[in-house]
Each structure stands twice: as structure tokens, then as C-alpha cells.
Amino acid sequence: MSLSGLLRTLPTLNAINSSLGSLSLLSRQPYSMYKPFVKEPVYNIEQLDKLIESGEAKKREFVPVKAARNDHNVSVFYDDLTSKFINMVMVKGQKELARNLVEMGYMKVKQIQLAKYYEATTDAERAEIELNPITIFHKALENCSPVLQLTPIKRGGSTYQVPIPITENRARFLAMKWMILECREKERKIHFPERLAFELIDAFNNTGKVVKRKQDLHKQCENNRAYAHYRWG
Amino acid sequence: MMRYSRTCNIFRVWRRFSSISAESVPVTESITNDIFRTNESNPVNHRVEHNSRFYSISEPVKKQFFAGGGLPKEYQSLSETLNGLCIMVRKPAIELIHYLNKTNFDAPVLRYVLYGKTGVGKSLSLAHIVHYGSSAGFVLVHVPWVPKWFQYVKVATPSSVHANKYDQPIEAVEWLKHFSTQNGHLLDKLELKTSNTYTWSKREVTAEGSPLSELIDLGLNRAKYATGCIVALLDELKKAASSKQCRVLVVIDGFNSFFSRKSNVIREDKSMVLPSDFLLTDALLSLTRNDWNNGAVVVSVDPSAHPPELRESPLPRYLLGKTGFEHLDPFVPIEVQNYNDKEFRSQIDYYIERNWLQQPKARTDNGRAELSFTSGKHPYSLMRLVAPY
């Protein structure tokens, strides 16, 4: 049997663990082509050096590793979150377009921040202005990530929206999703990159529509805290 | 300002200016032990020593020379973001400045042709020469981007002056405005007069001996005669230059477009109007002929000035075609190349100093090596790579 055969399984639908369909969010298995023991590749040169130094590399020598992805690279400009974001912006496999849109967005962020920077008169003011678009992006995502989420749980004929904890991945996904949806809203006179820039800067300053959406979700969770025990039946 | 370190080595420390503006021409901390700026803002004095250094152009100068075009769009918006227009002094411009300084103005006009791949810095070199030209006292005839006259013509009307030719009223008025902004003060000082009578219609006549500014004003006010005015104006300038009344510098970007086989103007019978059918083409081709003296002609040929099918080679013979080449021959070809190591380092230093290249990893030697490789030291590619980060 080939190596790829060893590593991959035929796609099967995993049985949902809980008899209560409502917990499906938590118990649904990721749909992976690889068997569980196959490791993620480490392609970052600094991380590789660390592994070699610490001796971890020796242990990994004969462990099978997943295939390299197209967007993983050792460029000095590579950022994991940005890569994920570009993938989420992408529609119909148009990766280049998605990448260009996000990169234009970053350029606009820099333009807006630099305009503020060169208008500022004192060193103190200048020190406060963040110019790095990636830093702004990370902080914006942080500010937009919810801490709880609502899930529909059926009890006695009616469905309740119950607040439950959220995983890091899910929180990050929601932040990115909301950001993208906001940038695609209504009037298309302002194009995606400009809207993305405005939304990112707003979210960085903890204002704007995406942060509001997160805060609305938190409020709803707070309102429904009485139903929290439904999580356990 | 000298500082002493503990090891008693002397370091030269440059004062950091607190207000960052192009006006004060800040000299900042040296980034790679090499100075990438120069204080010399008069292009007449630019020499080999200023190679790969940025010199800044003040806001009023920029408005005067480039309001009607001349700077590539992306570069202009980038310069606005970076709080000041700075152009790198590079070999082609220095070479041209040297030649122009040493020209024998009694001999027939010399033609210089800048060539190179798209995005390599020809337009900016021409912008540098435009600035030089005015500082050196030339009357500037500057066409910022020729394809704009043929690919995006708004209105084309049959010419009032010449039977088989076409006018471009809107483009002509725009160009006359550009010309008068660039040369305003100089023309007033020179007091050039027309040598012929120009009859535009029964009532509109420009008499012999009237000042050239009258001609320009007529063109600005009457779009119908604007193209004719330009033809007359360029004719007069040629004569004035030959009779030593003024010195004319012709700067044209995208010259090969005059010999292109496409325009966006279509006649009623669906036949295309070629660039050679326009009156403005004739005017400028006459001006770029070497049958006058006391001037210079600097021209650029660019693949992007041709339609996509004709962009195979960046070389002048291919781009100009047989007619174009025979028109310009003999000319001095000046190649504009990708950045060399020094220019590349200087460009990155400039981006870092202006806070444009933000990623900390990209500012390291590793980052520079990566940028050098991925951009191939091609100026435009480098600009696009650095833009988002």
C-alpha cells in the first residue's frame, strides 16, 4: 500500500457522538484526509532551528508529515492570520484576487495611519500611532473575537439560544467572517480594500460595526444566562 | 555633531528634525552607513556624486510642473502618502543633464531616446529632466503621456486647419493649460512674438507680431481652435529657438505612440483613425525633427505606450517601427535599467525612513535579500511588493 494510502482514509461521515443533535457543534469531527498520527509540517526556518537545537527534530525524523501547502512560505512578509484571512476572502478559488484585495487593504491602512502620523506635531503623538498593518490586523481581530457564543438547544418543544464557551479557532473564525461580511455590505461604491482598511482601523480602536456585532452577541449571551444550565440538560 | 562612545570611537550623529516635511529636507540617522538623500534640490547641479540619492521637490514646484501630468499615478499618490515628492537621482538623468549642460546649441537639435522595460524609471527620469529644463532656463514643451491623446480621446473633430486631419479639442486645451503653467513666468520675460498672421475665422485673427501668450489664451478659450493654436505655437517656438530668442526643451513620454496603429476614434464608416491622422501628431513630429537648433529633444519609448499586441520588445527600433526610427534617426539611445545594488539599498532605506516598509523582519538584511530577489531589483515591482507591508 502506498504511503499516501497509509496516511489517508476514505472520507466517511463520522457519527455524531451525542444523541442530542444540539451538541453537534462541539462534537463534530474535522473532515481530514489524513490519519490522526500524521503531523503538520514545520516550514518556518526559525522554528526548524529551534527543533533541531532542542532535539525534537530527532524524534520527528520518521514521523509522516502532511503535504506542503501552497501558501506556506518562509517569506519575511508571511503571516499565518493574514493567510487564513485571504483564504476566507477568496471566492471560487480566485486566490490572486483575494490576496490583492487584502494587500490593497493593508496598503490603505498604512496610508490612513501615515496621514495621521505626518499631521501629528509632537513625538508623543507620533509614538501613539500604530503604522504596521499586520499589528493593526491582529489587534482588530482580537477586539472582534467573541468570548461566548449562542447555540440553539431544544427543551420541551421550544428552542432556546444558550450561551456556551467558544474555542479559539471558532472565535477567530467568527471575527474574520464578520469582518468580511461587513466589508461586502450594501453600497458597492466604496470597494472592498477601502472598506477593509476603515473597518480594521475602527476595530483596532475598539469601535466600528464589527466590534458592535461582537458586543451585541455578548449582550445577548448575558441576557440568556438563565438558560446556561440547559447546556447540560 | 560628534559623539564619543566608551571605546573612544567617534560616531557622526545626524540631528533628527522634529517636523518631518519635504520642505526642511530632513537628514536622518544613517541607516546603512550610506546617505540616501541629498540637499541639492537644483537639478542643474546634479552630478555623478548624487547618484542613487533622493532629492526632494517642493510642493509649489510639483504643482507647477506636474499638475498636468508627468509623474506616474501610483508614484504620485505614494509621494503624497510619504509626505513629500522625492525623486532618486539615477544614471540616465545624470547622463542627460551632463549632455544638456555641454550641448553645442548652434548645432542642429540632438534627440535622446530613453528606453527600457515598463516600470524601470523612464517617466521619473523625464520628470527629473523637466525640472532640470526649467531650472536651466529652457522653454518646456512637455507631453506627459502620449497614449492619453490616442487611446482615451474624449472628442475628435475634423480639423478646422487641415482638411484630412483630426483635432482633439479637449486634450489640446488641457495641454495648453499645462504648457502655460509650466512656462508662465519665462514666457512673460521672453516676450516672444508671432511671425505670421493666423486667421481662425472671419472675426478671430492673431496678427503678426502679437505676443505668444495671446495665441495661448485664444486656444484656452476656444476649444475649436486649440489644436490649431498648438500647431502655431510649436511652429513659432521652433523659429524663435533657431533665431536665438529662446531655448526649447522638448520632453515627450511614450513617443512610440505616435507610430502606433490604434486609437479609440472610429469614423462613421467604422474605419479607425490612426495616430498619424491627428494634427497634434504632425505638430510634435515637426518639433522633434532635427531641422532647428538651440534646443534639445528628450523622448521615451515604452512598451506600454503601444497596444498589448505590440509589446514584445522594449528596444527603440521595434517600438518606433520603420517610420518612427527613420524620423528619429540619428538619436542618442539611453538605457534605463533596473536598480543596481547601491540604488536598491538607497530605495529601501528611503522606504524605511519614511515609515513605508513596516514589517520589522523585512528591514533586516534577510528581508532586503528577499526583496532584492523577488523584485529582481525592478523599481516598479519593488514598489508593489513593499506597498502592503
A.B. asks: To the nearest 0.5 Å, how far apart are CG in N100(A) and CZ in R384(B)?
C.D. replies: 7.0 Å

A.B. asks: Please look at L82(B) and chain A and tell me whether the side chain, the backbone, both or neither of the residue comes under 4.5 angstrom of a heavy atom of that chain.
C.D. replies: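 Both backbone and side chain of L82(B) come within 4.5 Å of chain A.
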
A.B. asks: Drop me the distance from Q358(B)'s CD to T135(A)'s OG1, to the nearest 0.5 angstrom.
C.D. replies: 7.5 Å

A.B. asks: May I ask you to check whether over 12 heavy atoms, not counting those of N366(B), lie within 6.0 Å of atom CG?
C.D. replies: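 Counting other residues, nucleotides and ligands, CG of N366(B) stays at 12 neighbours or fewer.
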
A.B. asks: OH of Y152(B): more than 12 outside heavy atoms within 6.0 angstrom?
C.D. replies: no

A.B. asks: Taking all atoms of both residues into account, what is the closest heavy-atom pair of P360(B) and N132(A), and its distance?
C.D. replies: CD-ND2, 3.9 Å

A.B. asks: Heavy-atom count check: over 12 atoms from other residues, nucleotides or ligands less than 6.0 Å from K209(A) NZ?
C.D. replies: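 Atom NZ in K209(A) is not packed in, count stays at 12 or less.
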
A.B. asks: Could you check whether atom NZ of K177(B) has more than 12 heavy atoms from other residues, nucleotides or ligands sitting under 6.0 Å from it?
C.D. replies: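 At most 12 heavy atoms, drawn from other residues, nucleotides or ligands, come within 6.0 Å of this atom.
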
A.B. asks: Would you say K95(A) has more than 12 foreign heavy atoms packed within less than 6.0 Å of its NZ?
C.D. replies: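 It does: K95(A) NZ has more than 12 such atoms within range.
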
A.B. asks: Is there a side-chain contact between Y117(A) and N83(B) in this structure, where contact means two heavy atoms from C-beta onward sitting under 4.5 Å apart?
C.D. replies: no

A.B. asks: Identify the two heavy atoms, one from P388(B) and one from P133(A), that lie closest to each other, and give their separation to 0.1 Å.
C.D. replies: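 What the structure gives for the nearest pair is O-CG, 3.5 Å.
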
A.B. asks: Which word best sums up how the rings of F77(A) and Y389(B) line up, parallel for under 30°, tilted for 30 to 60°, or perpendicular for over 60°?
C.D. replies: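 Geometry flag for Y389(B) against F77(A): parallel rings.
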
A.B. asks: Check whether more than 12 heavy atoms from other residues, nucleotides or ligands sit under 6.0 Å from atom CZ of R69(A), and answer yes or no.
C.D. replies: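 Check fails, neighbour count at 12 or below.
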
A.B. asks: Within the structure provided, determine whether Y78(A) and Q359(B) are in side-chain contact (heavy-atom separation under 4.5 Å).
C.D. replies: no

A.B. asks: When rounded to the nearest 0.5 angstrom, what distance separates CG in N355(B) from CD1 in I129(A)?
C.D. replies: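 Rounded to the nearest 0.5 Å, the CG-CD1 separation comes out at 10.0 Å.
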
A.B. asks: With rounding to the nearest 0.5 angstrom, report the OG1 to OH distance, T81(B) to Y118(A).
C.D. replies: 9.5 Å

A.B. asks: Surrounding CD of E125(A) (heavy atoms of other residues, nucleotides or ligands, distance under 6.0 Å), is the total greater than 12?
C.D. replies: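 More than 12 within 6.0 Å, yes.
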
A.B. asks: Specify the closest pair of heavy atoms between E370(B) and S75(A), including all atoms of both residues, with the distance to one decimal.
C.D. replies: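 Closest approach of E370(B) to S75(A): OE2-OG, 2.6 Å.
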
A.B. asks: Between atom CG of L357(B) and atom CG of L131(A), what is the distance when rounded to the nearest 0.5 Å?
C.D. replies: 12.0 Å

A.B. asks: Give a yes or no on this: more than 12 heavy atoms of other residues, nucleotides or ligands lie within 6.0 Å of atom CD of E309(B).
C.D. replies: yes

